[in-house]
Amino acid sequence: MEKIGGLLPPNAGSKPNWDTFGRPIRCTRSVGELNLTHVSEFHLLGISEDPDLQPILFVLFLFMYLVTVLGNLIITLAVIIDSDLHTPMYFFLSNLSLTDICFISTTVPKMIMDIQTQSRVISYVGCLTQMSLVTIFGCMEDMLLTVMAYDRFVAICHPLHYPVLMNPRLCASLVLASFFISILDSQLHNLIVLQFTCFKKVEVSSFCCEPAQILNLNCSDTFVKHIITYMVGGIFGFLPISTILISYYKIISSILKITSLSGRYKAFSTCGSHLSVVCLFYGTAIGVYLKSSVSHSFRHSVVSSVMYTIVTPMLNPFIYSLRNSDIISTLKRLQKAMANVRY
């Protein structure tokens, strides 16, 4: 049976709204009824359709991907090798770096391949898989940033109890809990999408299958979709942000009680990098998820998506290393060790 534009003929299925493989079908409004055709693939609109920009985009995003992987890998290796960095803060930082590598690897390689092959088609199963991975690693970063805020709260507000409260068992449990919560978030999104009986279109207004964009393709029960979108966004967005805000409220209150300016600066310097990453990540991620349900601005959506899926993971190693004397000294020692081995 011949496919046309990723769609099969309307009468190919035996059940209304579903095909024989359990895949939802596309609906398009006609004068008196809905014409139904089977969705076998989606078309990613990408960043730009201008052919002159494709080589530039290819080089740019390949460079950003390599920088992200290399930078986060260096941070992870530095934490593993240097025993002075075997503390809860750097344990969470190394896990955040690994998450960033996985996060960007779910989107950029596919986008680079699409630019190279000049094809933006992704299968239905492939799109759901990519959406699941984006949700898992995006939520994992969300949870780790929350855990790191709690770690800074304990370190500054309860310094004497810090070694006891943030013991290795608790740190490992917090990372595992973050992972399982991310899996739960991904499964909730999958359950929502698998309930769709039809799609408005097969064009995804992004360079990847983001959850917000896929949810926006549903052509029925838009009110229910909006309610679910805001509920999931509230649970996995508002609650972590609330925890971070409460933690920093307590941190700032404790810092203001310090009399010396040098002591205040030293205390707040341990939070500056984390606070920068939180603002960069949440400011774009929450905007993409919530605004997509009411706004259809392609340019705004793509820019925000690039910021939180690509730019943030790329900047994290620089933010944490350039403003962290421990990381800088470790990297210098590693550089000297490598130079000695070479010569």
- Query: What residues form a side-chain hydrogen bond (donor to acceptor under 3.5 Å, both in side chains) with N190, not counting sequence neighbours?
  - Reply: S132
Give the table of side-chain donor-acceptor pairs shorter than 3.5 Å for residues 61-81, with sequence neighbours excluded, one pair per line with atom names and distance.
{"residue": "Y65", "atom": "OH", "partner": "S105", "partner atom": "OG", "Å": "3.0"}
{"residue": "T68", "atom": "OG1", "partner": "M64", "partner atom": "O", "Å": "2.7"}
{"residue": "N72", "atom": "ND2", "partner": "T68", "partner atom": "O", "Å": "2.8"}
{"residue": "N72", "atom": "ND2", "partner": "P313", "partner atom": "O", "Å": "3.1"}
{"residue": "T76", "atom": "OG1", "partner": "N72", "partner atom": "O", "Å": "2.9"}

Cut-off 3.5 Å, no hydrogens considered: what does the side-chain donor-acceptor table look like for residues 146-158, sequence neighbours left out?
{"residue": "T146", "atom": "OG1", "partner": "D142", "partner atom": "O", "Å": "3.0"}
{"residue": "D151", "atom": "OD1", "partner": "Y162", "partner atom": "OH", "Å": "2.6"}

- More than 12 foreign heavy atoms under 6.0 Å from CG of L191: is that the case here? yes
- Task: Spell out, as yes or no, whether a donor-acceptor pair under 3.5 Å connects the side chain of N167 to the backbone of P163.
- Result: no
- Query: V277, L245: one ILVMFWY side-chain cluster at the under-4.5 Å cut-off?
  - Reply: yes
- Message: Whether the side chain of Q130 engages the backbone of C209 through a donor-acceptor N/O pair (distance < 3.5 Å, no angle test) should be reported.
- Response: yes
- Task: Quick one: list whatever passes side-chain hydrogen bond (donor to acceptor under 3.5 Å, both in side chains) with D100, sequence neighbours left out.
- Result: N316
- Task: Count the heavy atoms belonging to other residues, nucleotides or ligands that lie under 6.0 Å from NE2 of H86, then report whether that count exceeds 12.
- Result: yes
- Item | Main-chain N/O of L45 paired with R120 side-chain donor or acceptor, under 3.5 Å | yes
- Query: So, do H274 and Y248 have ring centers that fall under 6.0 Å from each other?
  - Reply: yes
- Item | Close side-chain approach of I104 to I310, heavy-atom, < 4.5 Å | yes
- Message: The criterion is salt bridge (charged side-chain N to carboxylate O under 4.0 Å, His left out); which residues satisfy it with D185, sequence neighbours excluded?
- Response: none
- Would a 4.5 Å heavy-atom cut-off, applied to side chains only, mark I136 and Q187 as touching? no
- Task: Check whether any side-chain heavy atom of T135 sits under 4.5 Å from a side-chain heavy atom of S182, and report yes or no.
- Result: no
- Message: Just so I know, are the side chains of I47 and F207 near enough to count as touching, which here means a heavy-atom distance under 4.5 Å?
- Response: yes
- Query: Is the shortest heavy-atom distance from the side chain of Y124 to the side chain of L128 under 4.5 Å?
  - Reply: yes
- Item | F137 reachable from L176 in the ILVMFWY side-chain graph, under 4.5 Å edges | yes
- Message: Check whether S273 reaches the backbone of I319 with its side chain - one donor and one acceptor, N or O, closer than 3.5 Å.
- Response: yes
- Message: Checking I246 against Y249 for the side chain to side chain contact (heavy atoms under 4.5 Å, CB included) test, could you report, in this order, the C-alpha distance in whole Å, the side-chain angles of both residues, the deciding distance, and whether it holds?
- Response: CA-CA 5 Å; I246 293 173; Y249 170 76; 5.5 Å; no
- Task: Treating Ile, Leu, Val, Met, Phe, Trp and Tyr as nodes and any side-chain heavy-atom pair under 4.5 angstrom as an edge, say whether L98 and F318 lie in one connected cluster.
- Result: no
- Qualifying residues under side-chain hydrogen bond (donor to acceptor under 3.5 Å, both in side chains), relative to D114, sequence neighbours excluded: K110
- pair L133-F103: side-chain heavy atoms closer than 4.5 Å: no
- In Å and rounded to the nearest 0.5 Å, what is the CG to CZ distance from L174 to R169? 13.0 Å
- To the nearest 0.5 Å, atom OG1 of T99 lies from atom CZ of F92 at 12.0 Å
